[in-house]
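Owing to the predicted nature of the structure, the values given are computational and were not obtained by experimental measurement. Just so it is clear, the values below take in all heavy atoms, side chains as well, and ignore hydrogens, waters and symmetry mates.
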Amino acid sequence: MKRSALIIGGGVIGAACAHYLSADDAWEVTIIDQGRFAGACSHGNCGFICPSHVLPLAEPGAIRKTFKAMLSGNSAFRVKPRFDLALWSWLLKFARRCNHHDMMSAGRALQPLLESSIALYRGLVERAELDCQWQEKGLLFAYRDAAQLDAYAPTNRLLADEFHHGAERLDARAAVELEPALKPDIAGAWYFRDDAHVRPDRLMASWRALLEARGVKIIEQCSFRSFEARGGRAAAAETTNGVINADAFILATGAWTPLLQQHLGCKIPIQPGKGYSLTMPRPARCPAIPLIFPETKVAITPMHDAYRIGSTMEFAGYDCSIDPQRLQLLRDGAAPYLHEPLAEPVEEQWYGWRPMTPDSLPIIGFAPKLENVVIAAGHNMIGMSTAPATGKLVAEMLAGGATHIDAAAFRVR
């Protein structure tokens with residue numbers, strides 16, 4: 001007899017959990033979302049699938065660099081001044097982890113999750129299960145300042161020596177030869193050959209079609225209210241569409257997860273990190289390779305039929321407004337590097353809340369008070385990069401057997 005699972009949250013993590021639970025026909029799966037499926041942070045992000053993004057944001061010197069950038073007045077990073085104990089507690093925890101030991105510990109935990117995910121994605125694409133404009137063209141970090149280009153060398157050595165994901169250093173001529181959309185006056189670039197990218201909305205549309213073909217039920221505009229608990233287990237979920245019974249529950253609610261923590265028996269150290277993007281037609285001189293400009297913290301995603309500029313990090317709580325000044329930072333941050341940084345018309349101005357944890361590690365594990373509730377949230381800026389392995393881990397945890405990677409670092413506590 002099939003067991004039933006209710007997944008709360010219809011983003012990329014929820015979709016991946018549904019995929020692996022429904023893969024062997026052992027589970028009857030339902031997904032609910034308070035908005036529309038794939039309508040939040042899984043929609044307008046840059047679509048990078050990057051095993052090279054193994055190091056956490058909490059690294060030695062991160063606090064100094066951040067405050068120095070904020071004082072410039074046009075920083076991609078911003079904290080909206082307000083009295084918020086949860087935010088300041090999060091920032092303190094983040095600051096405590098800005099050391100080499102904690103950075104390496106987080107990186108070693110993230111690496112198996114990232115490498116498992118890209119391998120799983122490749123399998124899904126090769127079997128034509130996902131139609132998502134998958135491209136394996138790598139990722140370029142381009143610099144205008146030679147000193148900053150040089151300053152990345154120690155980090156690259158660490159990535160190469162400890163994680164086997166080092167980049168190739170390119171001088172200006174080689175970088176422009178590889179990517180002619182770059183202006184010739186750049187200082188150079190670092191090229192990560194093993195990274196990939198997708199078009200996120202196509203990924204999610206394709207995944208939805210696959211899930212529904214398997215019989216997964218997707219209910220939109222359905223908000224979770226509470227669990228009906230009996231004997232340390234959740235028996236049902238109360239929602240705005242009524243009571244839904246299930247044998248297991250997966251909370252894949254991203255940045256909203258702390259708002260539900262009273263139902264879980266634990267505090268969830270996630271802050272919403274607001275990011276923005278602009279989507280437009282491909283310019284005439286469109287990059288072929290995805291780009292990151294570390295000096296301005298702006299990312300570029302060339303897709304088959306579109307072009308996206310994204311980034312910024314704003315800790316402004318659950319603010320639903322779109323700040324024109326933050327969008328202008330994207331335009332200004334791309335302009336010094338590209339012959340044609342923009343195209344018209346802008347098809348979408350978008351924001352999403354990234355679920356940020358202080359140590360950059362996602363939370364994947366059972367809720368302390370409810371033994372059949374799994375939390376799968378807090379994937380920071382790499383939800384797309386880590387979704388398949390997260391979904392497979394959740395399915396393995398609910399099956400009660402061994403997991404394909406060590407999940408100890410992601411436990412709720």
> How close do M397 and G365 get, heavy atom to heavy atom, and via which atoms?
Replying inline: SD-CA, 4.3 Å
> For the residue pair F141 and H53, does the interplanar ring angle fall in the parallel (under 30°), tilted (30 to 60°) or perpendicular (over 60°) class?
Replying inline: perpendicular
>> Does D102 form a side chain to side chain contact (heavy atoms under 4.5 Å, CB included) with D359? I'd like the steps, not just the answer.
In response: CA-CA 8 Å; D102 286 338; D359 56 6; over 6 Å; no
> Taking atom CD1 of I32 and atom OG1 of T240, what is their separation to the nearest 0.5 Å?
Replying inline: 7.5 Å
>> Ignoring hydrogens and geometry beyond distance, is a side-chain donor-acceptor pair present between T390 and H379 at under 3.5 Å?
In response: yes
> So, E314 versus Y276: side-chain donor-acceptor pair below 3.5 Å or not?
Replying inline: yes
>> For the NE2 atom on H101, are there more than 12 heavy atoms of other groups (residues, nucleotides or ligands in this structure) within a distance under 6.0 Å?
In response: no
> Out of curiosity, H19 NE2 to L120 CG, how far, rounded to the nearest 0.5 Å?
Replying inline: 8.0 Å
> Is there a side-chain contact between L57 and M381, using heavy atoms and a 4.5 Å cut-off?
Replying inline: yes
>> Which residue is it: I268, T257, V374? I am looking for the one with a side-chain contact (heavy atoms from CB on, under 4.5 Å) to I363.
In response: I268
> Does a salt bridge link E129 with R214, judged by any charged N lying under 4.0 Å from a carboxylate O?
Replying inline: yes
>> Please check this pair: side chain of T386 against backbone of I382, looking for a donor-acceptor N/O pair closer than 3.5 Å.
In response: yes
> Any sub-3.5 Å donor-acceptor pair from Q349's side-chain atoms to I322's backbone N or O?
Replying inline: no
> Does Y20 reach the main-chain N or O of A389 with its side chain, forming a donor-acceptor pair under 3.5 Å?
Replying inline: no
> Taking C-beta and beyond as the side chain, do P345 and M280 meet within less than 4.5 Å on heavy atoms?
Replying inline: no
>> More than 12 heavy atoms of other residues, nucleotides or ligands under 6.0 Å from CD of Q325: yes or no?
In response: no
>> With side-chain hydrogen bond (donor to acceptor under 3.5 Å, both in side chains) as the rule and sequence neighbours excluded, what pairs involving residues 32-45 come up?
In response: H43-E348
>> My understanding is that only residues two or more places apart in sequence, or in another chain, count here; which of them pass ring pair (Phe, Tyr, Trp, His ring centres under 6.0 Å) with Y337?
In response: F293
> If only atom types and distance count, is the side chain of D247 paired as donor or acceptor with the main-chain N or O of R3 below 3.5 Å?
Replying inline: no
> In terms of side-chain heavy atoms, does H263 have a donor or acceptor partner in E238 at a distance below 3.5 Å?
Replying inline: no
>> Assess, by modelled atom type and distance only, whether the side chains of H197 and Q135 contain a donor and an acceptor separated by less than 3.5 Å.
In response: yes
>> Tell me whether the count of non-hydrogen atoms from other residues, nucleotides or ligands lying under 6.0 Å of NZ in K369 goes above 12.
In response: no
> How about D319 and S321: does a side-chain donor come under 3.5 Å of a side-chain acceptor?
Replying inline: yes
> Is it true that D305 and R282 make a salt bridge, defined as a side-chain N closer than 4.0 Å to a carboxylate O?
Replying inline: no
>> Using side-chain heavy atoms (C-beta onward) and a distance below 4.5 Å, is R225 in contact with T239?
In response: no
>> Would you say that R208 contacts I218 through its side chain, given a criterion of any heavy-atom pair below 4.5 Å between the two side chains?
In response: yes
> Distance from E220 atom CD to I31 atom CD1, nearest 0.5 Å?
Replying inline: 10.0 Å
>> Could you walk me through whether R108 and E162 satisfy the salt bridge (Lys or Arg N to Asp or Glu O under 4.0 Å) test, starting with their C-alpha distance in whole Å, then the side-chain angles of each, then the deciding distance to 0.1 Å, before giving a yes or no?
In response: CA-CA 9 Å; R108 291 187 178 111; E162 299 292 337; 3.3 Å; yes
>> Taking atom CZ as the centre, does R230 end up with more than 12 heavy-atom neighbours from other residues, nucleotides or ligands that are less than 6.0 angstrom away?
In response: no
> Is the CZ atom of R96 crowded by more than 12 outside heavy atoms at less than 6.0 Å?
Replying inline: no
>> Closer than 3.5 angstrom, by distance alone: can the side chain of N156 be matched with the main-chain N or O of A167 as a donor-acceptor pair?
In response: yes
> Between W134 and E126, is there a donor-acceptor pair closer than 3.5 Å when you use the side chain of the first and the backbone of the second?
Replying inline: no
> So, does E179 use its side chain to make a donor-acceptor pair with the main chain of I289 at under 3.5 Å?
Replying inline: yes
> Would you find a donor on one side and an acceptor on the other, under 3.5 Å apart, between the side chain of N372 and the backbone of L370?
Replying inline: no
> How long is the gap from NE2 on H164 to CD on Q111, to the nearest 0.5 Å?
Replying inline: 7.0 Å
> Checking D194 side chain against P51 main chain: does a donor-acceptor pair fall under 3.5 Å?
Replying inline: no
> Can R122 and E136 be said to form a salt bridge (Lys or Arg N to Asp or Glu O under 4.0 Å), step by step?
Replying inline: CA-CA 10 Å; R122 286 177 178 136; E136 294 194 53; 2.9 Å; yes
> Got a sec, which pairs hit side-chain hydrogen bond (donor to acceptor under 3.5 Å, both in side chains) with one end in residues 404-413, sequence neighbours left out?
Replying inline: S116-H404, E396-H404
> So, do L55 and M103 sit near enough that their side-chain heavy atoms are less than 4.5 Å apart?
Replying inline: yes
> What are the two closest heavy atoms between G254 and P355, and how far apart are they?
Replying inline: C-CB, 3.5 Å
> Given side chains that start at C-beta, do those of Y351 and S277 come closer than 4.5 Å, heavy atoms only?
Replying inline: no
>> Just to verify, which of D201, L211, D131, V198 counts as forming a side-chain contact (heavy atoms from CB on, under 4.5 Å) with S206?
In response: D131
> Would you call E168 and R193 a salt bridge, taking side-chain N to carboxylate O under 4.0 Å as the test?
Replying inline: yes
> Is a salt bridge present between E212 and K217, judged by a nitrogen-to-oxygen distance below 4.0 Å?
Replying inline: no
> Any side-chain heavy atom of L342 sitting closer than 4.5 Å to one from Y307?
Replying inline: no
> Charged N to carboxylate O under 4.0 angstrom, K2 versus E28?
Replying inline: no
>> Ring-plane angle category for W90 and F315, please: parallel below 30°, perpendicular beyond 60°, tilted otherwise.
In response: tilted
>> Between T253 (side chain only) and G9 (backbone N and O only), is there a donor and an acceptor less than 3.5 Å apart?
In response: no
> Roughly how far apart are F37 CZ and I219 CD1, rounded to 0.5 Å?
Replying inline: 13.0 Å
> OG of S4 to CG of L21: how many Å apart, nearest 0.5 Å?
Replying inline: 11.0 Å
> Side chains of F249 and I244: does their closest heavy-atom pair fall under 4.5 Å?
Replying inline: no
